[in-house]
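A short write-up of the structure that comes next.
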Number of protein chains: 2
Amino acid sequence: MNRPGLRERKKIETLHRIQGEALRLFDEQGYDATTIEQIAEAAGVSPSTFYRYFPVKEDVVVQDEYDPMIVRVFESQPADAPPLEALRAVLADLFAQFTAEDFERIRRRVRLIFAVPALRARQLQQTTATERLLAAMVAERSGRSPEDLEVRHFTAMVVASWIVAIDTWAHAGDEDLVAVMDRCLVHLEAGVPL
Amino acid sequence: MNRPGLRERKKIETLHRIQGEALRLFDEQGYDATTIEQIAEAAGVSPSTFYRYFPVKEDVVVQDEYDPMIVRVFESQPADAPPLEALRAVLADLFAQFTAEDFERIRRRVRLIFAVPALRARQLQQTTATERLLAAMVAERSGRSPEDLEVRHFTAMVVASWIVAIDTWAHAGDEDLVAVMDRCLVHLEAGVPL
DNA sequence: CATAATTCTGAAAGTTACTGTCAAATGATA
DNA sequence: TATCATTTGACAGTAACTTTCAGAATTATG
């Protein structure tokens with residue numbers, strides 16, 4: 001048996017407390033003006049502990065746990081679906097699980113990320129990891145190599161498309177996130193005509 | 001008349017000297033293991049001077065002067081050419097001006113950038129600036145707003161396409177850079193089929 | 001229940017990237 | 001040559017991150 005256990009619960013709680021206090025402080029004073037010491041103190045931990053949870057300052061905003069979800073949902077898609085269809089469905093399925101509060105939290109985070117260069121840089125970097133993940137899965141499915149130029153190009157386009165959609169949604173947005181993503185993917189599939 | 005003048009010539013020279021020594025040291029000891037102090041000393045300047053030329057350490061590798069060239073070449077394209085055609089031509093024209101040594105230097109820089117996370121992050125960030133630039137030009141040409149979703153999506157796709165091509169070329173590459181880029185853009189125009 | 005093993009935490013000291021200020025040096029200009 | 005603007009270097013300071021180590025809390029084991 002490997003139930004959650006007190007230790008793990010405490011860890012998750014601490015992680016969320018740090019993240020919450022950090023976002024609050026960033027809102028109040030700005031990202032750069034907030035030091036790790038302040039965040040640590042507000043969360044009732046030591047700076048060392050902060051770094052144990054978030055290797056770099058940016059991660060307290062950028063880190064998320066979506067990658068494994070994406071993998072799970074992607075693998076549950078019908079094997080004969082074309083890759084672009086499959087990925088579109090993955091997002092739809094994923095978003096269907098989110099609540100309105102989830103979206104609101106994500107929106108705040110995304111806005112912060114796009115406003116602070118350091119956060120944006122970190123997120124772009126994290127995105128390339130997701131890209132590799134997708135490339136591996138797509139390659140598997142289409143019986144090609146993950147190094148194949150078209151496979152890498154395909155995944156790069158899809159991921160970049162997502163980012164444009166998220167950016168648009170977070171800023172303009174009374175529109176639905178799924179709707180914006182669909183518009184982008186349709187545009188992509190049509191060969192980005194202008 | 002506005003000839004270079006001694007002062008400017010010296011500035012360019014210093015800039016190149018710093019860059020050269022930095023790249024040499026990075027090759028020898030690795031990026032992280034090389035301090036700004038070492039670079040400054042090798043280039044015969046003070047650390048403060050280093051920062052005057054390169055606001056952040058990453059810029060000594062990532063900074064380039066291509067953006068204005070892109071603008072110039074783009075504006076010299078026939079006004080009735082479709083945007084994707086125009087951008088393809090821009091790159092072809094640009095690369096035609098480069099020598100074999102240029103390509104070799106670029107290749108070394110690109111490999112370094114893709115190997116060091118901090119450099120990659122900075123470059124991705126810089127890329128978004130280029131993206132905005134392109135968006136403005138493309139918007140102008142097609143009589144749309146730079147905020148238009150399709151315009152932003154189009155430019156994001158083209159830029160992301162370039163990056164995949166450059167990455168591929170720098171690593172695999174006995175193939176021509178222009179050829180790889182063409183393959184990517186063709187794939188994009190076809191709606192990234194797999 | 002008691003003790004051993006594992007994991008988590010905090011304190012402290014050190015490195016380095018980066019910022020700001022000010023005076024000295026150097027190139028431009030009249 | 002004399003004055004003006006720009007560039008540079010020295011210095012001091014901040015804060016992000018790293019490393020190390022000892023002690024505390026939690027879990028596993030006899």
Side-chain angles (χ1 to χ4, degrees), chain A residues 1-19 21-22 25-26 28-63 112 116-123 125-126, chain B residues 1-19 21-23 25-26 29-63 112 116-123 125-126:
Chain A
M1 279 303 168
N2 209 337
R3 260 164 317 174
L6 174 56
R7 186 167 261 162
E8 302 219 18
R9 264 182 289 135
K10 263 189 148 176
K11 264 173 78 172
I12 303 180
E13 196 200 331
T14 312
L15 188 143
H16 284 140
R17 202 171 57 249
I18 295 175
Q19 233 165 13
E21 295 298 320
L25 287 170
F26 293 160
E28 288 174 15
Q29 337 175 332
Y31 178 81
D32 288 326
T34 305
T35 72
I36 303 242
E37 214 170 341
Q38 290 175 330
I39 301 173
E41 174 155 19
V45 298
S46 74
S48 345
T49 301
F50 176 95
Y51 280 110
R52 223 161 271 120
Y53 284 90
F54 304 101
V56 300
K57 185 183 176 186
E58 287 85 7
D59 282 353
V60 81
V61 182
V62 170
Q63 211 176 77
L112 185 56
V116 179
L119 293 176
R120 179 108 175 84
R122 180 72 179 173
Q123 192 231 22
Q125 208 179 339
Q126 207 189 16
Chain B
M1 280 301 171
N2 208 338
R3 259 165 318 180
L6 176 54
R7 184 166 263 163
E8 301 216 22
R9 266 182 288 133
K10 263 191 150 176
K11 262 174 80 172
I12 303 181
E13 196 201 330
T14 312
L15 187 141
H16 284 140
R17 201 170 59 249
I18 295 175
Q19 234 166 13
E21 294 298 319
L23 289 174
L25 288 169
F26 293 159
Q29 339 175 332
Y31 179 80
D32 288 327
T34 305
T35 72
I36 303 243
E37 216 172 337
Q38 289 175 331
I39 301 173
E41 174 155 19
V45 297
S46 74
S48 344
T49 301
F50 176 95
Y51 280 110
R52 223 161 271 121
Y53 284 90
F54 304 101
V56 299
K57 186 183 175 185
E58 287 85 6
D59 282 353
V60 82
V61 181
V62 169
Q63 212 176 78
L112 185 56
V116 179
L119 294 176
R120 178 108 174 85
R122 179 73 178 173
Q123 192 233 20
Q125 208 178 342
Q126 208 190 17

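In this text the structure is predicted, and so the values were computed from the model without any measurement. The basis for the numbers below is simple: all heavy atoms, side chains too, and nothing from hydrogens, waters or symmetry mates. Chain letters run A, B, ... following the sequence lines, proteins first, then strands; residues in each count from 1.
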To the nearest Å, how far apart are R9(B) CZ and dT7(D) P? 15 Å
For the pair R17(A) (side chain) and A43(A) (backbone), establish whether a donor and an acceptor sit closer than 3.5 Å, ignoring hydrogens and angles. yes
Going from CD1 on I18(B) to CG on L23(B), what distance comes out if it is rounded to the nearest 0.5 angstrom? 12.0 Å
With sequence neighbours excluded, residues passing salt bridge (charged side-chain N to carboxylate O under 4.0 Å, His left out) with D32(B): none
Contacts of E21(A) that satisfy salt bridge (charged side-chain N to carboxylate O under 4.0 Å, His left out) - sequence neighbours left out: R24(A)
Rounded off to whole Å, could you give me the CZ-to-C1' distance for the F50(A) and dC17(D) pair? 11 Å
Evaluate the side chain to side chain contact (heavy atoms under 4.5 Å, CB included) criterion for residues E37(A) and F50(A): first the C-alpha distance (whole Å), next the side-chain angles of each, then the deciding distance (0.1 Å), finally the verdict. CA-CA 9 Å; E37(A) 214 170 341; F50(A) 176 95; over 6 Å; no
Which letters describe nucleotides 5-17 of chain C, given B = protein heavy atom under 4.0 Å from base, S = only from sugar-phosphate, - = neither? -BBSBBB----SS
Would you kindly check if the NZ (Lys) or CZ (Arg) of K57(A) is within the cone defined by 45 degrees around the ring axis of Y51(A) and under 6.0 Å from the six-membered ring centre? no
Could you give the CD-to-P distance, from E13(B) to dT7(D), as a whole number of Å? 16 Å
By salt bridge (charged side-chain N to carboxylate O under 4.0 Å, His left out), R52(A) pairs with (sequence neighbours left out) none
Could you check how far CZ of F54(B) sits from P of dT8(D), rounded to whole Å? 12 Å
From CZ of R122(A) over to P of dA16(D), roughly how many Å is that when rounded to an integer? 15 Å
Which residues satisfy the side chain to side chain contact (heavy atoms under 4.5 Å, CB included) test with Q19(B), sequence neighbours excluded? L15(B), H16(B), F54(B), V60(B)
Five-pair end axes of the helix from dC1(C)-dG30(D) to dA30(C)-dT1(D) and the angle they enclose, rounded to 10°: 20°
